[in-house]
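Below is one structure, written out as structure tokens; the observations come after it.
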Amino acid sequence: MFKIQQDRQTWLTIRLPDPDGEQRIKLRVKLKTHADNAASKHQVISDQVERLRAEAESGAIDSAPAMLAKFVTLAETISPEAIAEDLERIVARVTDWQDIGDEAGEPLAFSPERLRALLNCGTWVVKAVREAIITLDDDGRRKN
């Protein structure tokens, strides 16, 4: 039976393409409602539309300033602030983990600080976690 719950969470298996060989970890994540998922996507698209609208209204399309604006936009998405916001969105969703240990291989208790340390191991970790969460939000729970 499917239970309608206000605060649902699920275990999500994530494949990490570790340089030493593929690893799998499990993160317990909060599920987003359909409305929240749609709203966050709408906001991202709306922000880009506003930037394009401003660029079009300024008459700068196909000009050096337009090209500069595109690079500024790109730079903003990879700024330290944008990266920190991206990581905090992930940290806000994860509530527990499995199959994660310290350097000696001993199980490591979950904490937001330790999750940040895991995410800081490499861009490939952040990408794998982000893609798994996005897939969960968009496609429901799929067996990995």
Side-chain angles (χ1 to χ4, degrees), residues 1-58 60-61 65-144:
M1 172 192 301
F2 183 83
K3 297 178 183 177
I4 298 176
Q5 301 169 352
Q6 294 298 319
D7 185 28
R8 294 192 61 216
Q9 297 186 27
T10 190
W11 285 101
L12 187 60
T13 301
I14 299 172
R15 294 181 185 145
L16 297 177
D18 189 288
D20 297 326
E22 182 180 284
Q23 301 288 321
R24 289 178 188 232
I25 62 171
K26 290 185 179 182
L27 299 179
R28 187 164 174 88
V29 298
K30 298 175 191 174
L31 298 177
K32 275 188 168 181
T33 66
H34 175 63
D36 288 343
N37 191 34
S40 63
K41 289 179 181 183
H42 176 76
Q43 187 61 51
V44 169
I45 292 169
S46 294
D47 291 347
Q48 293 304 317
V49 167
E50 285 305 312
R51 287 181 186 202
L52 287 172
R53 182 173 288 127
E55 192 173 308
E57 289 172 358
S58 72
I61 291 182
M67 187 59 70
L68 176 60
K70 291 179 192 305
F71 279 99
V72 167
T73 300
L74 178 61
E76 288 173 356
T77 63
I78 59 172
S79 71
E81 296 82 10
I83 291 169
E85 287 175 18
D86 181 43
L87 292 180
E88 288 310 308
R89 280 190 294 273
I90 292 171
V91 171
R93 296 282 304 272
V94 178
T95 62
D96 201 359
W97 66 18
Q98 293 179 0
D99 303 326
I100 300 190
D102 62 17
E103 290 183 15
E106 295 298 316
L108 199 55
F110 173 81
S111 74
E113 294 76 26
R114 288 181 172 156
L115 175 59
R116 287 182 188 93
L118 169 69
L119 296 171
N120 196 40
C121 286
T123 302
W124 48 274
V125 175
V126 176
K127 182 179 178 184
V129 171
R130 184 187 314 110
E131 287 177 357
I133 290 173
I134 289 170
T135 299
L136 174 68
D137 288 344
D138 289 347
D139 300 333
R141 188 173 182 186
R142 289 187 175 179
K143 186 173 182 176
N144 283 341

side-chain contact (heavy atoms from CB on, under 4.5 Å) with Leu87: which residues, sequence neighbours excluded? Ile83, Leu119, Val126
Residues passing the side-chain hydrogen bond (donor to acceptor under 3.5 Å, both in side chains) test with Arg89, sequence neighbours excluded, are none
Candidates Leu118, Leu115, Leu12 - the one meeting side-chain contact (heavy atoms from CB on, under 4.5 Å) with Val94: Leu115
Take Val29 and Thr95 through the test side-chain contact (heavy atoms from CB on, under 4.5 Å) and record every step on the way to the result. CA-CA 6 Å; Val29 298; Thr95 62; over 6 Å; no
Quick one: which residue pairs count as a side chain to side chain donor-acceptor pair (under 3.5 Å) with a foot in residues 119-132, not counting sequence neighbours? Asp86-Arg130
Residues forming a side-chain contact (heavy atoms from CB on, under 4.5 Å) with Pro112, sequence neighbours excluded: Val91, Phe110, Arg116
Any donor and acceptor pair, going by atom type alone, linking the side chain of Lys26 with main-chain N or O of Asp99 inside 3.5 Å? no
How would you list, by chain and number, every residue that makes a side-chain contact (heavy atoms from CB on, under 4.5 Å) with Glu22, sequence neighbours excluded? Arg15, Arg24
Taking all heavy atoms of Leu108 and all of Trp97, pick out the closest pair and write down the distance. O-NE1, 2.7 Å
Separation of Lys30 NZ from Leu136 CG (nearest 0.5 Å): 14.0 Å
Could you walk me through whether Ile25 and Gln98 pass the side-chain contact (heavy atoms from CB on, under 4.5 Å) test, one step at a time? CA-CA 6 Å; Ile25 62 171; Gln98 293 179 0; over 6 Å; no
Of all residues at least two apart in sequence or in a different chain, which pass the side-chain hydrogen bond (donor to acceptor under 3.5 Å, both in side chains) check with Arg114? none
Return the set of residues passing side-chain hydrogen bond (donor to acceptor under 3.5 Å, both in side chains) with Asp102 (not counting sequence neighbours), or none when no residue passes. none
Tell me, please, which residues at least two apart from Asp36 pass side-chain hydrogen bond (donor to acceptor under 3.5 Å, both in side chains). Thr33
